[in-house]
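A quick write-up on the structure given underneath.
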Amino acid sequence: MDFKGTKLEDIIVTLPFADGTSVECGVYSYFKVNNKEYFAMLPLKGKKELDFSQRYMLYEVQEDAEHNPIVLYIENDQEYAMAAYHFSNQLKSK
């Protein structure tokens with residue numbers, strides 16, 4: 001699966017947290033809900049291996065002028081619930 005021509009397994013996102021820590025994540029899934037695009041991500045084990053023992057993290061994704069992904073925190077609880085519902089249905093169908 002690709003995101004705007006980039007293979008999902010090649011996308012690594014560093015997520016900063018409020019406490020000053022950060023975690024490197026890989027993209028597990030890309031999906032759309034109500035004309036918005038989302039990534040389901042997992043922390044990495046090693047360089048590129050997804051850590052399936054961790055919880056999935058959902059973020060909205062857009063792209064910049066050079067077609068690079070911009071990962072955005074989902075601040076609206078209803079929007080997050082809709083994305084989580086869609087993603088959980090996607091997991092069940094796999």
Side-chain angles (χ1 to χ4, degrees):
M1 178 179 250
D2 292 347
F3 172 77
K4 312 287 184 182
T6 302
K7 297 247 180 259
L8 289 183
E9 59 267 17
D10 293 335
I11 299 173
I12 295 175
V13 178
T14 302
L15 296 176
F17 297 113
D19 66 1
T21 62
S22 64
V23 65
E24 284 198 334
C25 294
V27 178
Y28 172 76
S29 178
Y30 160 70
F31 59 97
K32 294 181 182 184
V33 179
N34 294 338
N35 297 319
K36 287 192 173 187
E37 300 169 322
Y38 299 92
F39 279 165
M41 298 187 292
L42 285 167
L44 294 177
K45 289 192 297 189
K47 295 265 180 197
K48 283 194 164 189
E49 185 181 346
L50 298 176
D51 187 352
F52 288 97
S53 71
Q54 302 295 315
R55 297 182 70 173
Y56 292 97
M57 295 177 274
L58 302 179
Y59 284 83
E60 182 182 351
V61 62
Q62 297 176 0
E63 67 177 348
D64 65 15
E66 289 82 37
H67 305 287
N68 298 309
I70 300 171
V71 177
L72 304 168
Y73 181 76
I74 304 170
E75 294 187 30
N76 180 291
D77 290 342
Q78 275 187 310
E79 179 183 353
Y80 188 90
M82 285 182 13
Y85 177 79
H86 182 82
F87 177 65
S88 67
N89 284 337
Q90 186 182 61
L91 283 177
K92 290 176 189 174
S93 68
K94 286 189 176 190

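Fair warning: this is a prediction, and the values are worked out from it, not measured in the lab.
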If you look only at distance, which donor and acceptor atoms sit under 3.5 Å apart when one is on a side chain in residues 40-52 and the other is two or more places apart or in another chain?
unit_1	atom_1	unit_2	atom_2	d
Lys48	NZ	Asp10	OD1	3.1
Asp51	OD1	Ser53	N	3.1
Asp51	OD1	Ser53	OG	2.5

Euclidean distance, [Y] [atom2] relative to [X] [atom1], rounded to 0.5 Å:
{"X": "Ser29", "Y": "His86", "atom1": "OG", "atom2": "NE2", "answer": "7.5 Å"}
{"X": "Met82", "Y": "Asp77", "atom1": "CE", "atom2": "CG", "answer": "12.5 Å"}
{"X": "Met57", "Y": "Phe39", "atom1": "CE", "atom2": "CZ", "answer": "13.0 Å"}
{"X": "Lys36", "Y": "Gln62", "atom1": "NZ", "atom2": "CD", "answer": "7.5 Å"}

Ignoring hydrogens, what is the shortest heavy-atom contact between [X] and [Y]? Give both atom names and the distance.
{"X": "Pro69", "Y": "Val61", "answer": "CB-CG2, 3.8 Å"}
{"X": "Ser22", "Y": "Pro16", "answer": "CB-CA, 3.9 Å"}
{"X": "Val33", "Y": "Ala83", "answer": "CG2-CA, 4.5 Å"}
{"X": "Tyr38", "Y": "Glu60", "answer": "CD2-CA, 3.6 Å"}

Worksheet entry | Ring-ring centroid check Tyr56 Phe87, cutoff 6.0 Å | yes
Worksheet item: Under a 4.5 Å cut-off applied to non-hydrogen side-chain atoms, are Leu15 and Val13 in contact?
Response: yes
Restricting to side chain to side chain contact (heavy atoms under 4.5 Å, CB included), what partner residues turn up for [X], sequence neighbours left out?
{"X": "Ala84", "value": "Leu58, Tyr80"}
{"X": "Tyr73", "value": "Tyr59, Glu75"}
{"X": "Tyr85", "value": "Asn89"}
{"X": "Glu66", "value": "Asp64, Asn68"}

Fill in: Residue pairs fulfilling salt bridge (Lys or Arg N to Asp or Glu O under 4.0 Å) with at least one residue in residues 16-29, sequence neighbours excluded
none
Discussion item. Surrounding CG of Asn34 (heavy atoms of other residues, nucleotides or ligands, distance under 6.0 Å), is the total greater than 12?
Written reply: no
